[in-house]
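Here the structure is laid out as structure tokens; the discussion comes afterwards.
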Amino acid sequence: MIVTAIIPAAGLGLRLKSAIPKPLVRIGAKPILMHTLKALSKNRYIQHIIVAVPKDTMNDFETVVKKNKIGKKIKLIPGGETRRESVENCLRSVPSKSDTVLIHDAVRPFITEELIATLLEEVRNNPAVICGVPVKATIKRVNPSTWFDYAHHRPLGASGLSGECLSGFVKKTIKRDALWEIQTPQVFKKNLLLKAYARCKDSFVTDDAALVEELGVKVKIIQGSYFNIKITTPEDLVFAKAIMDAGYA
Ligand code: C5P
């Protein structure tokens, strides 16, 4: 098995409200991206690591990767407008001798070597393997056409999820027992993933496995970790620091 790791890191990080790209924000002594790359670089099957970064800050990423030696060569390539485009740019650079692709969001720095090893063991017998955690919260579906900013007393419209004072009306409560929150890494046989990206054209897909599911292929899911958080909004940096200070990373 020859694995290429693809790391989409080209998001603008608007929800984090940071002046520098999100993967370069520090947690403790190191940028988020370097925490992420550390565990990946230790796995012996992962021979290539390709990171999609924002075009206009490529130099900053180069400097950070050079400074923080992690023992494996990292290829930086320009990302795209959407996560999908960033992954597709990386897929074009996967070496032909690589038969397996692992995709991991740059902004999940708390992956463990054990989780990576388990996923790669599982992909020997299953063409698509992802991880996640059973949902702990109660989830309700809310009617998007009722979204309203309750602080400023104005409707937000169906695509108005920008406000922080959202309100709306409940459509349905979803039974929780079969719901999982999906994480990365996700691991695929390379040819299957290439086929999924070629066939399914959803531009705003945020989950690679969803494209494979569209092909009717069974996706295996294994339990990840509640510590494997995705750093998205400012409060996630507080959680990340707490995870690190408690010694879980
Ligand atoms: O936006 P979100 O947090 O879901 O992004 C998940 C991952 O996809 C992040 O690591 C982000 O940097 C990456 N991404 C990307 N190119 C984009 C948008 C997001 O590589 N155009």
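The residues of the chain are indexed from 1 along the displayed sequence. When a ligand or atom number is given, it counts from 1 through the structure's own listing order.
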Strictly below 4.0 Å, N to O, side chains only: are Lys66 and Glu62 in salt-bridge contact?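 A salt bridge is absent here (no side-chain N lies under 4.0 Å from a carboxylate O).
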For a 4.5 angstrom cut-off between non-hydrogen side-chain atoms, does Glu113 reach Lys38?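 Side chain of Glu113 against side chain of Lys38, heavy atoms only: no contact under 4.5 Å found.
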Would one find more than 12 heavy atoms of other residues, nucleotides or ligands at under 6.0 Å from atom CD of Glu235?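 Enclosed: over 12 neighbouring heavy atoms sit under 6.0 Å from CD of Glu235.
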Identify the heavy atoms of Phe169 and Val142 that sit nearest to each other, and give their distance.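 That closest heavy-atom pairing would be O-CG1, 3.4 Å.
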Would you say Asp99's side chain and Ile2's backbone share a donor-acceptor pair under 3.5 angstrom? yes
I'd like the contact residues of ligand 1, where contact means a heavy atom below 4.0 Å.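 The 4.0 Å shell around ligand 1 contains Pro8, Ala9, Ala10, Gly11, Arg15, Lys22, Gly80, Glu81, Thr82, Arg83, Ser86, Asp105, Ala106, Val107, Lys230.
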Is it the case that Thr184 and Gln186 place a side-chain donor and acceptor less than 3.5 Å from each other? no
